[in-house]
Amino acid sequence: MKKITSIFIMITILVLALSVSANAAVEIKLSHSGPTPAVGATNDEGCKAFKKYVEDKSNGEIKVKIFPNNQLGNEREQFEGVQMGTIQMCSISTGTLSTVDKQMLVMDIPYLFANKKAAYSFLDGPMGVQIRDEFGAKTGTVMLAYGENGFRHFTNRVRPIKSPKDIAGLKIMRCDSDSGKKLIKSMVLRTADRQGMC
């Protein structure tokens with residue numbers, strides 16, 4: 001089957017208000033939509049690395065409990081849980097975050113960055129910091145970091161894709177996001193409208 005695999009830059013979010021007493025152990029619920037265990041599942045691997053780091057640096061006074069596979073709801077519900085304080089952290093896609101703040105749509109543009117170095121320069125530079133800060137101010141959350149789960153790109157079993165003309169005639173499966181829809185339509189492609197892919 002010919003298909004498009006869309007990969008997201010993932011985002012980790014933390015609510016500032018952890019209301020616990022000074023003597024109580026702190027438990028952070030960290031939710032994500034990725035599978036576990038899975039080789040190369042960067043979202044889950046990133047969450048596990050965060051857990052280890054926090055628990056080591058706090059000498060076990062802060063525990064991180066990871067909830068993978070949408071156990072605490074889909075990505076939108078996870079983010080709303082963070083805003084309400086029922087979940088302390090979530091690692092979710094920009095596709096979901098763009099429904100709250102349209103600036104996040106910039107991350108969904110295929111071929112935007114020439115390579116990883118360019119992507120990291122943008123995300124760690126003034127524009128990435130501005131997007132992160134404005135998102136936090138708008139949502140009442142703190143974005144700790146941008147994470148990577150690969151670039152937004154097209155894949156298939158028919159031929160290499162180096163320009164929009166290379167996808168002419170291919171059946172395209174895409175994420176159900178406004179930016180994804182507009183991109184595909186702008187390239188005059190036939191789409192296999194499969195919702196829930198991201």
Taking all non-hydrogen atoms of both residues into account, name the closest pair between V129 and D124 and its distance. CG2-O, 4.0 Å
Applying side chain to side chain contact (heavy atoms under 4.5 Å, CB included) to I131 and M107, what does each step give before you reach the verdict? CA-CA 11 Å; I131 291 169; M107 310 301 180; 4.3 Å; yes
If only atom types and distance count, is the side chain of Q83 paired as donor or acceptor with the main-chain N or O of G140 below 3.5 Å? no
Examine I66 and L144 and state if one hydrophobic cluster contains both, with Ile, Leu, Val, Met, Phe, Trp and Tyr joined whenever side-chain heavy atoms are less than 4.5 Å apart. yes
Considering non-hydrogen atoms only, spot the tightest contact between S31 and I87 and give its length. CB-CG2, 4.2 Å
Do you know which two heavy atoms are closest between S91 and C47, and how far apart they sit? CB-SG, 4.1 Å
Rounded to the nearest 0.5 Å, what separates atom CD in E27 from atom CD in E61? 15.0 Å
Counting distance only, does the side-chain N/O of K138 pair as donor-acceptor with the main-chain N or O of V100 below 3.5 Å? yes
Charged N to carboxylate O under 4.0 angstrom, E55 versus K51? yes
Would a single hydrophobic cluster contain both F50 and V26, if residues Ile, Leu, Val, Met, Phe, Trp and Tyr are joined by side-chain heavy-atom contacts under 4.5 Å? yes
Do Y146 and F135 have ring centres separated by under 6.0 Å? no
Nearest non-hydrogen partners of N43 and G34, listed with the distance: ND2-N, 4.0 Å
Scan Q103, M143, M127 and name whichever one has a side chain to side chain contact (heavy atoms under 4.5 Å, CB included) with R132. M143
Quick one: are F79 and T139 in side-chain contact, heavy atoms under 4.5 Å? yes
Among side-chain atoms of Q78 and S33, is any donor-acceptor pair under 3.5 angstrom? no
Of all heavy-atom pairs between S98 and G95, which one has the smallest distance, and what is that distance? OG-O, 2.8 Å
Measuring from atom CD of Q88 to atom CG of L30, what distance do you get when rounded to the nearest 0.5 angstrom? 9.5 Å
NE2 on H32 to NZ on K48, rounded to 0.5 Å: 7.5 Å
Atom pair CD (E80) and CD (E75), whose distance is rounded to the nearest 0.5 Å: 12.0 Å
dist L72:CG -> K29:NZ (nearest 0.5 Å) comes out at 6.5 Å
In this structure, would M104 and L112 fall into the same cluster of hydrophobic residues linked by side-chain contacts under 4.5 Å? yes
Any chance you could measure E77, atom CD, to M84, atom CE, to the nearest 0.5 Å? 9.0 Å
